[in-house]
Amino acid sequence: MAKIEMADVFAAGQRGGGDSLYAYRVRGLGRSGVVLWIGGRGDDPDQVLALPGADHCRVPVFMTVRQARVYVSRKGRRLATSETDTLELVRVQHWLKDPSRRRVPPGAVLDAWNFFEDLARGLGEVHRLPQQSAVHNSTYEKLFGDECAAWTPDEQRAVLELLTAGVELWNSCPVIVKPFSSIASDGGRGTPRGL
């Protein structure tokens with residue numbers, strides 16, 4: 001699927017159809033903030049909104065849901081819901097530090113897995129995550145069924161590899177902080193200023 005461009009999302013919304021926009025809060029050790037998540041239409045996959053740049057896409061990151069709502073409103077759209085889901089990435093990062101001795105936080109791991117795939121799609125950087133295989137599929141199925149204790153060593157390696165790559169993608173992807181006001185980008189080198 002082609003990357004969804006910001007103008008396409010807002011133009012589709014003005015025509016009355018369009019992909020749904022959601023505010024999604026990510027709380028991580030290296031970077032935290034609110035991003036805009038685009039619900040795919042039909043069989044199209046979901047993705048995190050990324051704005052095209054001269055040499056790479058950048059993710060708009062907001063400090064509050066209100067800032068994200070105002071930004072979307074200024075583009076003539078509304079968030080699909082006033083509810084905001086939160087990815088507790090800190091829990092996943094804590095588990096990644098010592099997975100052999102810590103209990104898997106299945107809900108947070110599932111949310112992180114989905115977020116990282118959506119983030120990679122939005123950025124056009126799917127190559128930064130491990131290519132999905134049958135092992136990933138069985139790992140995901142067991143995770144979805146809260147059967148993490150039944151993971152084989154290969155399945156555990158697959159989830160650890162994917163989550164580690166996903167955390168690196170999130171912590172290093174170029175961002176635009178509060179894009180409707182002054183643009184402050186860290187060029188992908190760490191935490192946005194003010195977050």
Side-chain angles (χ1 to χ4, degrees), residues 1-4 19-20 22-50 56-59 61 80-81 83-175 188-191 195:
M1 180 190 135
K3 185 168 39 94
I4 297 173
D19 302 288
S20 299
Y22 302 86
Y24 190 65
R25 184 181 317 280
V26 181
R27 290 189 181 130
L29 293 173
R31 177 182 276 170
S32 294
V34 176
V35 299
L36 292 172
W37 176 78
I38 305 167
R41 189 184 307 178
D43 290 335
D44 290 341
D46 304 334
Q47 65 184 49
V48 172
L49 179 69
H56 54 265
C57 292
R58 295 178 293 176
V59 176
V61 177
T81 179
E83 306 282 320
T84 302
D85 288 331
T86 300
L87 166 57
E88 295 294 347
L89 188 54
V90 170
R91 293 183 64 212
V92 174
Q93 292 169 302
H94 182 70
W95 174 68
L96 286 173
K97 288 181 182 178
D98 193 359
S100 62
R101 292 202 282 207
R102 294 185 174 137
R103 186 179 179 282
V104 176
V109 168
L110 183 64
D111 289 347
W113 185 319
N114 291 328
F115 172 69
F116 295 145
E117 288 181 335
D118 295 348
L119 176 63
R121 269 192 294 277
L123 288 166
E125 301 272 337
V126 293
H127 64 277
R128 297 214 22 214
L129 296 180
Q131 187 171 3
Q132 302 284 324
S133 67
V135 172
H136 289 89
N137 293 341
S138 63
T139 304
Y140 188 89
E141 297 261 339
K142 290 177 183 175
L143 178 61
F144 191 78
D146 198 12
E147 300 169 9
C148 304
W151 279 340
T152 66
D154 285 344
E155 289 170 336
Q156 183 162 2
R157 268 191 301 280
V159 74
L160 292 172
E161 180 184 26
L162 187 137
L163 293 176
T164 300
V167 168
E168 172 61 25
L169 177 64
W170 168 242
N171 283 336
S172 68
C173 72
V175 300
R189 293 182 298 276
T191 305
L195 290 183

Handout entry: Which residues share a side-chain hydrogen bond (donor to acceptor under 3.5 Å, both in side chains) with T81, sequence neighbours left out
Key =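 Partners of T81 by the side-chain hydrogen bond (donor to acceptor under 3.5 Å, both in side chains) criterion come out as none, since no residue qualifies.
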Which heavy-atom pair separates [X] from [Y] by the least distance, and what is that distance?
X    : Y    : result
G33  : V61  : CA-CG1, 3.8 Å
C148 : P106 : SG-CB, 4.0 Å
Q156 : P99  : NE2-CB, 3.7 Å
K97  : R102 : CB-NH1, 3.4 Å

Practice task
Evaluate the criterion side-chain contact (heavy atoms from CB on, under 4.5 Å) for residue pair D118 and Y24; output intermediate values, then yes/no.
Solution key: CA-CA 12 Å; D118 295 348; Y24 190 65; over 6 Å; no
Practice task
With rounding to the nearest 0.5 Å, note down the distance linking OG in S172 to CZ in R128.
Solution key: 4.0 Å
Handout entry: H56 NE2 to E125 CD distance, which is reported to the nearest 0.5 Å
Key =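 Result: 9.5 Å between the selected atoms.
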Please set out all donor-acceptor pairs under 3.5 angstrom arising from side-chain atoms of residues 110-117, sequence neighbours excluded.
residue, atom, partner, partner atom, Å
W113, NE1, E117, OE2, 3.0
N114, OD1, Y140, OH, 2.9
N114, ND2, L110, O, 3.2
N114, ND2, Y140, OH, 3.4
E117, OE2, Q132, NE2, 3.2

Problem - Results of side chain to side chain contact (heavy atoms under 4.5 Å, CB included) for S138 - residues two or more places apart only - result: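 Residues passing side chain to side chain contact (heavy atoms under 4.5 Å, CB included) with S138: E155.
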Exercise for the section: Show your reasoning for whether side-chain contact (heavy atoms from CB on, under 4.5 Å) applies to L123 and L169. Expected result: CA-CA 10 Å; L123 288 166; L169 177 64; 4.0 Å; yes
Problem - Any side-chain heavy-atom pair of R121 and D44 under 4.5 Å - result: no
Practice task
Compare all side-chain heavy atoms of W95 with those of L163 and state whether any distance is below 4.5 angstrom.
Solution key: yes
Exercise for the section: Tell me, with the steps shown, if H136 and S133 meet side chain to side chain donor-acceptor pair (under 3.5 Å). Expected result: CA-CA 5 Å; H136 289 89; S133 67; 3.1 Å; yes
Problem - N/O donor-acceptor pair under 3.5 Å between W170 side chain and R31 backbone - result: yes
Handout entry: Pairs involving residues 157-171, ordered by first then second residue, that meet salt bridge (Lys or Arg N to Asp or Glu O under 4.0 Å) (sequence neighbours left out)
Key =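 Residue pairs with at least one partner in residues 157-171: D154-R157.
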Practice task
Identify, with sequence neighbours excluded, every residue that meets salt bridge (charged side-chain N to carboxylate O under 4.0 Å, His left out) alongside D46.
Solution key: none
Exercise for the section: Name all residues meeting the salt bridge (charged side-chain N to carboxylate O under 4.0 Å, His left out) criterion together with R101; count only those two or more places apart in sequence or in a different chain, and write none if there are none. Expected result: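 For R101, the residues satisfying salt bridge (charged side-chain N to carboxylate O under 4.0 Å, His left out) (neighbours in sequence not counted) are D98.
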Handout entry: Candidates V59, L119, I38, V35 - the one meeting side-chain contact (heavy atoms from CB on, under 4.5 Å) with L49
Key = I38
Residues 83-93 side chain polar contacts: donor-acceptor under 3.5 Å, at least two apart:
residue, atom, partner, partner atom, Å
E88, OE2, R27, NH1, 2.8
Q93, OE1, L29, N, 2.7

